[in-house]
Asker: 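After the structure tokens below, expect a handful of questions from me.
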Amino acid sequence: MSDNGQKMNEQAMNGQAVNGQAMNGQEIKTIELPSSITVRDFANKIECSPIEVIKNLMANGVMANINQQIDFDTAAIVAAEMGYEAQLETLEDVREDEKGEIPLWRRIIADENPEDLDIRPPVVTILGHVDHGKTTLLDAIRNTDVAGGESGGITQHIGAYQVKHNDREITFLDTPGHAAFTAMRARGAQGADIVVLVVAADDGVMPQTREAAAHAKAARVPIIVALNKIDKPNADRDRTKQQLAEIGLISDEWDGDTIIVPISAKLQEGLEDLLEAILLVSDNIDIKANPEGKVIGTVIEAERDRSKGVMSTLLVQNGSLEIGDMVVAGIAHGRLRAMFNHHGRNIDEALPSAPVSVMGFNEVPQAGDLFQVVVSDREARALIRRRKEAQKLAETQPTSAVTLEQLFDSYQTGEVRELRLIIKADVQGSLEPIITSLNEMSEGDIAVNVLHDGTGNIGENDVMLAAASRAIVIGFNVEADAAARRLADAKNVSIRQYDIIYRLTEDIEKALKGMLEPEEIETILGQAKIRDIFRISKVGKIAGCYVLEGELRRNARIRVLRANEEIFDGELLSLKHHQDDVREVKSGFECGVAIKDFSKFEEGDVLESYTVELVAAV
């Protein structure tokens, strides 16, 4: 444990919060915390400014920025000083957080009273390779000509739409499929309940298809494949299904768990089956929200319109958004003056899963920001002021990319841990043995998770996926282009490049061993037999010994055996040969031994000298 951790533990022992009572005797609130948590999330948990948390940490000798992880003991001390008693989350909760990396809005819904939760429409993201028919599919579903009004038929921004099927609503996020918009696609996947991956039956799995699937898998979102363009004469369904199986999307017809729906967006065939599949998956994952609860959601897009001012598209994820609400998104805020549904009609209220366009923000919020409703303009300004202070403070803290050597520190909680990688190689012949070697390295509960692999140089889309997933980019005989390196610097993503396979796998193996809890290895150094016992003033009893085998070592531990039974285990206080203090005494020599906190020697006792080392588990 660090000195800071010891200091804070001593404070806890001194009674900052005992049996649910604060130091002043007042009843305090109880909160559950994981074994590690970022400063930002901890501040949200205790409904406090991150700045206050950082100041409190500094006062206790812990230097941490807003995005840095602190352990439970440290968080518990800060919580106690702010009127909370912290309890460690159950193992089940921690596992869920690690596996799912639950977004804040999902955690807020999880904190709602289960009796207040209602079924909400599923939010579906459309992902896929450019020109595979994503926008044409949405056009067919909602019967509007979106594709016809866009440059080259390629979607230029994220849109949100709602459709009805069998009297049930489904919300669609239309995300671009071109490689240049990988960051936007990742944001769409993170905000969705279900991903529909559009794959053209005549073209098969393409590089952007693989990337889209990687984003959805990293976000732990169920995937439905829309096998499009089945009307084309060169469509090959079985070949495409085989290619999908190779990237882990095995058809339910082949005993897999991926629903693959053949469609023709152009001829509007199979659309009913696709919508039915979406509702089926939705029913299986229990999508709920509290319409009366805390209002929170995600900014889908925002822009400044010359005539209307700031226009923002919001996706409500919990609670009900109403005209007149004071909304904060990032460092933008405003009272909503107007709200429009996806048809452009004025509405007064938006329920969970509803996409709405709103007017009222004082400045353009960032796409991907969470928004929330606050009580007043004063509260909004105070919240934004704290965020700006936290942002300014975070900018002054040194930040660096997560390195392979440091990664194991992030996986010390919970039972399920993984090393996430994006692998790029020069040719398929190099990629396959690398992937095979990495898959063989998984140790029990600790796994190598290759989120995405491919051939060619490292690009921006690889870096963006790594940034969204806390992964490391590994390159073999490839370069990282200039734009990717700039993005990696901005997002603190580590890129490692190799030209020898065994060095690559060796580094990964070292990182995996670092993730494993170290094992205690005991080494017996030697044994000595007590032949006589002396008493020396100011020292106490000394055992006169003869070293039978090995050696007795001054800095080693010592155990006392009587009739082959251990009666004491401790530390040497002194080791002498004749009158001299010595570091070790080897077999065949006599010595005098004093043991800390033990003096009940008897002739015939055996002293066993040994060491304990912490070594990486293998």
Side-chain angles (χ1 to χ4, degrees), residues 1-19 23 35 60-62 71-74 76-77 80 86 88 409 412-413 514 516-618:
M1 181 181 294
S2 68
D3 293 339
N4 290 336
Q6 290 177 345
K7 177 182 175 183
M8 300 193 86
N9 275 344
E10 289 168 3
Q11 292 176 10
M13 294 174 65
N14 289 335
Q16 289 198 7
V18 181
N19 297 327
M23 293 179 69
S35 52
N60 285 285
V62 177
D71 61 23
F72 171 80
D73 291 337
T74 303
I77 294 301
L88 189 64
D409 291 330
Q412 294 300 306
T413 58
L516 292 167
E517 295 293 339
E519 294 180 355
E520 287 190 351
I521 302 297
E522 181 180 298
T523 303
I524 304 297
L525 301 177
Q527 288 187 335
K529 191 170 187 176
I530 297 179
R531 290 182 168 179
D532 207 347
I533 301 167
F534 309 95
R535 177 176 290 278
I536 299 177
S537 60
K538 297 184 180 181
V539 176
K541 287 187 178 180
I542 300 293
C545 305
Y546 179 81
V547 181
L548 300 173
E549 58 183 66
E551 65 183 24
L552 296 192
R553 192 178 295 173
R554 174 69 180 83
N555 60 355
R557 292 191 64 81
I558 195 87
R559 61 168 61 99
V560 182
L561 305 177
R562 184 171 297 163
N564 293 323
E565 295 280 336
E566 179 183 316
I567 63 171
F568 185 78
D569 187 316
E571 301 174 18
L572 277 177
L573 193 61
S574 70
L575 180 64
K576 291 181 180 288
H577 180 59
H578 299 305
Q579 300 299 317
D580 299 325
D581 286 314
V582 293
R583 297 179 62 184
E584 59 189 35
V585 178
K586 297 186 180 295
S587 63
F589 289 89
E590 295 181 338
C591 59
V593 173
I595 298 178
K596 185 177 181 180
D597 298 327
F598 183 81
S599 60
K600 297 179 180 179
F601 300 112
E602 291 184 7
E603 289 185 23
D605 286 350
V606 172
L607 305 184
E608 190 170 72
S609 179
Y610 71 98
T611 59
V612 175
E613 290 183 283
L614 290 176
V615 299
V618 295

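Note that the numbering runs from 1 along the sequence shown for the chain. Keep in mind the model is a prediction, meaning the values are calculated, not measured.
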Asker: Distance check, rounded to the nearest 0.5 Å: L575 atom CG versus D580 atom CG?
Answerer: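 Rounded to the nearest 0.5 Å, the CG-CG separation comes out at 11.0 Å.
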Asker: With rounding to the nearest 0.5 angstrom, report the OG to CG distance, S609 to L572.
Answerer: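 S609 OG to L572 CG: 6.5 Å, rounded to 0.5 Å.
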Asker: So which atom in Y546 and which in G588 form the shortest heavy-atom distance, rounded to 0.1 Å?
Answerer: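 Closest pair (atom of Y546, atom of G588, distance): OH-CA, 3.3 Å.
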Asker: After noting the C-alpha distance and the side-chain angles of L561 and I567, does the key distance pass the side-chain contact (heavy atoms from CB on, under 4.5 Å) rule?
Answerer: CA-CA 6 Å; L561 305 177; I567 63 171; over 6 Å; no
Asker: Looking at every heavy atom in both V585 and C591, which two are closest together, and how far apart are they?
Answerer: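 Shortest heavy-atom contact: CG2-CB, 3.8 Å.
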Asker: Considering all heavy atoms of both residues, which atom of F601 and which atom of I530 are nearest to each other, and what is their separation?
Answerer: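 Heavy atoms only, the tightest pair is CD2-CD1, 3.6 Å.
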Asker: Once rounded to the nearest 0.5 Å, what's the spacing between atom NZ of K576 and atom CZ of R554?
Answerer: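 Reported to 0.5 Å precision, the distance equals 10.0 Å.
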Asker: Of all heavy-atom pairs between I533 and K541, which one has the smallest distance, and what is that distance?
Answerer: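 Between these two residues, the closest heavy atoms are CG2-CD, 4.3 Å.
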Asker: Angle between ring planes, H577 versus F589, binned at 30° and 60°: parallel, tilted or perpendicular?
Answerer: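 Plane angle over 60°, so perpendicular.
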Asker: More than 12 heavy atoms of other residues, nucleotides or ligands under 6.0 Å from CD of E522: is that the case?
Answerer: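 Yes - once you tally the heavy atoms of other residues, nucleotides and ligands closer than 6.0 Å, there are more than 12.
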Asker: Locate the shortest heavy-atom distance separating K596 from F568; write the atom from each residue and the value.
Answerer: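 Minimum heavy-atom separation between K596 and F568: O-CZ, 3.5 Å.
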Asker: With a 4.0 Å cut-off on N to O distance, would you call K600 and E602 a salt bridge?
Answerer: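 Between E602 and K600 there is no salt bridge, as every charged N stays at least 4.0 Å from the carboxylate O atoms.
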Asker: Decide if atom NZ of K529 counts as having more than 12 heavy atoms of other residues, nucleotides or ligands within a radius under 6.0 Å.
Answerer: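 Counting other residues, nucleotides and ligands, NZ of K529 stays at 12 neighbours or fewer.
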Asker: Would you name the heavy atoms of L552 and G526 that are closest together and state the gap between them?
Answerer: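 Distance-wise, the nearest heavy atoms are CD2-O, 4.4 Å.
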Asker: Walk me through whether D569 and R557 qualify under side-chain contact (heavy atoms from CB on, under 4.5 Å).
Answerer: CA-CA 8 Å; D569 187 316; R557 292 191 64 81; 2.8 Å; yes
Asker: Step by step, work out the side-chain contact (heavy atoms from CB on, under 4.5 Å) result for K586 and E584.
Answerer: CA-CA 7 Å; K586 297 186 180 295; E584 59 189 35; 3.5 Å; yes
Asker: Could you measure the distance from the OG1 atom of T523 to the CD atom of E613? Nearest 0.5 Å is fine.
Answerer: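 Here the interatomic distance stands at 5.5 Å.
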Asker: Quick one: pull up CD in E571 and CD1 in I558 and give me the separation to the nearest 0.5 Å.
Answerer: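 It comes to 11.5 Å.
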